[in-house]
Every structure is written in structure tokens, then in C-alpha cells.
Amino acid sequence: MYKTYKYRILYFFLSILILGTISCSKAAKNKGDVTSEDGKQGTPLSKTDSAFVDKYIAHEPEFKEHRNVIMRFYRTRNYRLGWFKEEKLVPQANTFIDVVNKSYREGLNPNDYKIKDFNKMFASYEQAKDDSLKFKLKQEIDVALTASYMNYASDFYRGTVNPRKLDNIEWSVRKNKIKLDKALQTILQERDSRYPYYQFEPLHEDYNRLRTALQKYREIKQAGGWPKIEGVTKLKQGDTSRVVPILRQRLLPKERWNIAAPNQFLFDDELVNAVKDFQIRHGLKADGALGPTTLKAMNVSLDERIDQIIINMERWRWVPKPKKFEEKHIFVNIPEYMLYARENGKNVLSMRVIVGKTMTSTPVFSDKLEYIVFSPYWNVPNSIIVNEFKPKLIRDPDWLNRMDMELLDSYNKNAKPMSPHAVDWASINEKTFKYRIRQRPGPKNPLGDIKFIFPNEHDVYLHHTSSESLFNQTERGFSHGCIRVEKPVDLAEFLLRDKPQWTTSEIISAMHAGEEKYENLKAKVPVYIVYFTSWVDDNGAVHFRDDIYSHDRALEKEYFN
């Protein structure tokens, strides 16, 4: 009995001793050694640390700018190196270097991203014999590749110009919130993504199309450019002119330049169709005749068109990721004077719009459409009251009544009508005018019969108009900043599709009821009011538009500086 008890005590203490030895061994290994991905132990070959990363990037301004995302990339992986596997560089390293070398295709300058000479660094690493030197070089290469990627990817995915930091760049559209550390993890095949980061490809198809156009226009330049059309001010079908062969060279495929014809100087049907195509692609009246406006657009230099393509590629980098653009939304392109209703990444409705005049330009921003107002009142902005109404009201206060307008004593919900004779109109200004002028629903109301509201600081919205003939104009900058839509009923149907009670007849009836009515949407719909002066359509045709607000000029100054 005593012996059995003695042996049990001995077994117990031996077990504790063995377990303690094993635990100490594991603790020592975890504390002092790092197990690398290649299976070797005892040397920290696969890790760096925060001090090394921070110190390395601090010496390069271009790297230091991206310190936070670089540190986040390493911190989330416990400072494990990203660009090495089994002591060798992963293939993505050379792919990335090749991408940087070809970044001119993106309208970027490759030299801006060659902060480090990687060929030299790679060679030094391969030639190093001393283990400590080799490990130091390995860390430097890894951090340099990560920092260089962040430097390049920030420009490539988010833009080289930050529109939110520059007062002269008009762009308040929802921000592209791409996470560059996650993108790099995708490239290194450490996570999956619905976006083509692993291919170093852009996020938007519209960007891809412009990139193809950029290559095409650069090839035209390399081949000698395009001829200038001079010595003529007007040509129409049936006219003859010595500039016709030059015009054919400018507009037709090369194989059609020197086709034998009874009269090589004749402005024939083929040339008329080519001019019409050019006019359509440049937002001009497509009459097939060569006039001053068409000639002016035709003689814009090739270098200017290349720059125009590049800065519009830059704008696409500012746009949210495609997931947002696949949702139901409204897209208004100001220089194109067009609105597109989109769903599942496709246009389901398009219409012409009227935008702000140069002096009262429509702002570039995004928001969410929340409700529709049928038979709306028009609450006249103070700026219009002071700048346009004031002289008329000084002469004759009754002018308000003749315009089917009324004066209210405040902007409160319970505001009461008052006589326009009670106001000293000569003394009013935008800041001190404390009353409200509104126009009643009806045929004289400039908002037409319906308005679409997405509350915003600019007080801009979409609305119908009583001046429908203006939609026939090629250039449609007539408003005070709001956007007039050509097909208000179709737009209301698009927005109210999930409310079956709002049939076409109900929409039209509410628009002409003469009594203001509000209808909330079931779900808010994003609205993007943007500014693109160049794009490529579904057929591959490259379009250009005039820089109506001089936004291109401001962006070019920043981008090419």
C-alpha cells in the first residue's frame, strides 16, 4: 500500500517535470525564433518590424505620404513580408515593375513611380553571401515594393489630383474609397476580390475605353498627326474645293483617302456622312455641312485631344467603385447635356437635359434622391429676386400677380400671403430679404409640373420645364443651376416602379392637378452630377464636348504641372 502510494507520487512529479520542460522549450521557440514560410527556424527570415518599416519609408517623401496604409498593410499581417516566398521574389514583383514601366498607357509618367532601382536591388540581393546582409536587403526590397505599389496605386485608382484639396477643381461627387492595402493583398493572392486588382487593372469600363482611345490617338500622332483644314469657311454637299482631299484624309479611313472619283474635289455623299459622324461625336448639329463651328472642332490639335482624354481618365479614378455604379442610380453628364437612368450597370433610360449657364453653372456633386413633388410651387431664390425681379418690382409691385406669383411673410410652414406694395423693393438685398416669393403651380411655373428632390447644400434638383422647345438646341446651358429634364414622366416611372399605384396616368394626373403633392421614394436613389468632356460609346466611337465651365482647363493645370 505504502509502495503503491510512493510510486504514484513519483509519477506525478516526473509528469510535471516533463511537461514543464516541453512548455519551456515551446516558449523559448516562440519568444526567440521565427518560423519562416520555407520551414526554416531560428532566423527571422520572413518578418520585419514596425521600426524598420517606419524608418525606411521616412527617407522618401513619396513613400512617407502613404505611411498610414503601408503600416496598416504590415501590421495586419504581423509584419510578415509580402513579396517573398521560399527566399525568392514572387512573380507579382516583376509584373508590378512592368506595369509601372507601361504606366504611360494610363496617362501617367513612369518616372514618377521609379523611386527605387529595383533591378539593382534584386541583383544585390542575389549576390549577397552574408546572411544578415541578405536579410536586410530582403526587408528593404519588400518594403520598397510595398511603398512603390501604394505610391502608384494611389494615383492609378484614386487619381493624381485630389479634388477635395483644391478649390479650383469642381468635383464633390461621392469619394472612391478603395482600400489599397486590401488591393495589395489581392495581388499577392492572399484574399479574393470582385475587382481586378490582381491584374493591375482599372475599376471602370469607361476608363478602359478611354485608355484604348488614348493609345489610338497616340498612334495617329506617331503617324504624323492629322491635317488642319484651312482656306475654307463653308462647304456643303455638292460643292467643290481644293480642301476636299485634305478633309477626306482628316475624316475617312486611310484606304478611302485616294479612291478614284470623277471629281476628287467634290464634297460627295461619303464625305457628308463622315462630317455627320464627326458632328455627332462632338455634340454638334449633324447637318453634314462644314461650317465655322464644325471647322473649329475639327481643327482642335491632336495634342489637345490627347490631354482631354487623359484628364477624363483622371476623373474616372475619382468615381466610386463599380458596385455603387451597378446599383439603381441617375447619372447626369453636364457637358453632354444628357441624363441616364441606370440599373444593374446598364442604361435603362436616357434623355436630354438643360443645365446651368456659365454664370450660374450646375455644380458637380452627388447625393440621394428622396422624394418627388407633383404640381410644385417655385420658391424663387433670393439671388434671382434681387438680380432679376427687383427692377420690375420697383417699377410695378403688381408685376408679381401678373406672373402668377405670391409674396409670403416668411419661410415658415404657416407663412401668410402679403401685399407686394408693403415692401420697399429698392432697399432689399440677398441677405436682408426676409420674405418669400413663390410661383403657383401652372403653365407659367418654370419648374413645370414635377420636380425630383435630392436635398443638398447647392439647392439643385431635377425638374420639368414649360420651355420644352429649348431641348432642341444643341448647346443647352440655360438654367440658373438646376437641371431641366426632357422626359419627366419616364423618369417618375423609373423612380416609382416599386409603387404600383403610381401608373402612368396617375403620374400625369398628379402633374396637372394644380395642387402640390409630395411622394417619398421607397428607397433613396443616388444621383451623380458629373463632368466628362470625353468618353467612348458602346460602338467604340470617341466623343468630345466643349469645356463649357472651364473645368478641364483647371484640371489640366493641376494634372500636367
Side-chain angles (χ1 to χ4, degrees), residues 172 353-357 359-363 365 367-467 470 478-485 488 491-492 510-521 524 527 529:
S172 298
V353 297
I354 292 167
V355 300
K357 295 174 282 190
M359 295 300 292
T360 53
S361 60
T362 298
F365 72 106
D367 219 301
K368 291 187 177 181
L369 204 151
E370 298 182 9
Y371 60 92
I372 299 173
V373 184
F374 297 95
S375 296
Y377 281 96
W378 177 41
N379 291 300
V380 186
N382 281 4
S383 59
I384 295 178
I385 293 171
V386 171
N387 296 325
E388 299 181 29
F389 289 9
K390 181 176 177 177
K392 299 179 177 70
L393 290 167
I394 290 173
R395 289 193 300 270
D396 180 13
D398 287 326
W399 176 82
L400 274 184
N401 294 324
R402 292 198 299 276
M403 296 303 295
D404 203 17
M405 294 184 183
E406 60 183 358
L407 177 68
L408 302 179
D409 60 7
S410 72
Y411 269 85
N412 295 332
K413 187 176 181 180
N414 299 319
K416 297 177 181 179
M418 60 181 289
S419 170
H421 290 274
V423 177
D424 179 10
W425 295 105
S427 67
I428 69 166
N429 59 55
E430 287 187 45
K431 292 182 179 179
T432 61
F433 188 70
K434 59 183 179 181
Y435 310 110
R436 174 169 36 144
I437 292 177
R438 68 179 185 180
Q439 190 163 32
R440 301 177 184 92
K444 291 183 179 179
N445 193 313
L447 302 186
D449 303 313
I450 188 171
K451 63 180 180 179
F452 307 86
I453 306 298
F454 37 104
N456 59 82
E457 61 178 317
H458 310 286
D459 199 24
V460 165
Y461 44 86
L462 308 174
H463 66 87
H464 178 223
T465 178
S466 54
S467 305
L470 294 177
F478 301 113
S479 84
H480 287 89
C482 286
I483 299 164
R484 308 175 196 174
V485 298
L491 184 57
M511 287 171 62
H512 297 102
E515 183 177 340
E516 194 170 66
K517 178 180 176 62
Y518 286 68
E519 182 67 24
N520 292 324
L521 303 186
K524 297 177 183 179
V527 177
I529 302 175

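No experiment lies behind these values; they were computed from the predicted model shown.
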State whether the side chain of [X] and the backbone N or O of [Y] hold a donor-acceptor pair below 3.5 Å, judged by distance alone.
X	Y	result
H464	L447	no
N456	V460	yes
N412	A415	no
N520	Y371	no
K390	I428	yes
K444	R402	yes

Side-chain touch [X]/[Y], heavy atoms, less than 4.5 angstrom:
X	Y	answer
S410	K434	no
W425	D396	no
I453	I372	no
H463	R484	yes
I437	Y435	no
I394	P391	no
R438	E406	yes
E370	L521	no

Looking at every heavy atom in both [X] and [Y], which two are closest together, and how far apart are they?
X	Y	answer
P420	L400	CB-CD1, 3.9 Å
L369	V527	CB-CG2, 3.8 Å
S479	T362	OG-OG1, 4.5 Å
M418	D409	SD-CA, 3.7 Å
P443	S466	O-CB, 3.4 Å

> Can a cation-pi geometry be assigned to K392 and W399, taking NZ or CZ under 6.0 Å from the six-membered ring centre and within 45° of the ring axis?
Replying inline: yes
>> Check for me whether K451 meets the cation-pi criterion with Y461, that is, NZ or CZ under 6.0 Å from the six-membered ring centre and within 45 degrees of the ring axis.
In response: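 Yes, K451 sits over the ring of Y461.
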> Who pairs with D398 by side chain to side chain donor-acceptor pair (under 3.5 Å), at least two apart in sequence or on another chain?
Replying inline: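 With neighbours one apart ignored, the set is H421.
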> Which is it for M511 and F374 under the side-chain contact (heavy atoms from CB on, under 4.5 Å) test, yes or no, and what are the steps along the way?
Replying inline: CA-CA 5 Å; M511 287 171 62; F374 297 95; 3.8 Å; yes
> Is there any side-chain hydrogen bond (donor to acceptor under 3.5 Å, both in side chains) pair reaching into residues 374-387, and which pairs are they, with sequence neighbours excluded?
Replying inline: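 Every side-chain hydrogen bond (donor to acceptor under 3.5 Å, both in side chains) pair that includes a residue of residues 374-387, provided the two are not neighbours, is N379-R436.
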> Angle class for the H458/F365 ring planes (parallel below 30°, perpendicular above 60°, tilted otherwise)?
Replying inline: tilted
>> Can you confirm whether K357 is buried at NZ, in the sense that more than 12 heavy atoms of other residues, nucleotides or ligands lie under 6.0 Å from that atom?
In response: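 Counting other residues, nucleotides and ligands, NZ of K357 exceeds 12 neighbours.
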> Could you state the interatomic distance from CD1 (I450) to NZ (K517), rounded to the nearest 0.5 Å?
Replying inline: 12.0 Å
>> For the CD1 atom of I483 and the CG atom of L462, what is their distance to the nearest 0.5 Å?
In response: 5.5 Å
> So does R440 pair up with D404, basic N to acidic O under 4.0 Å?
Replying inline: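 Yes.
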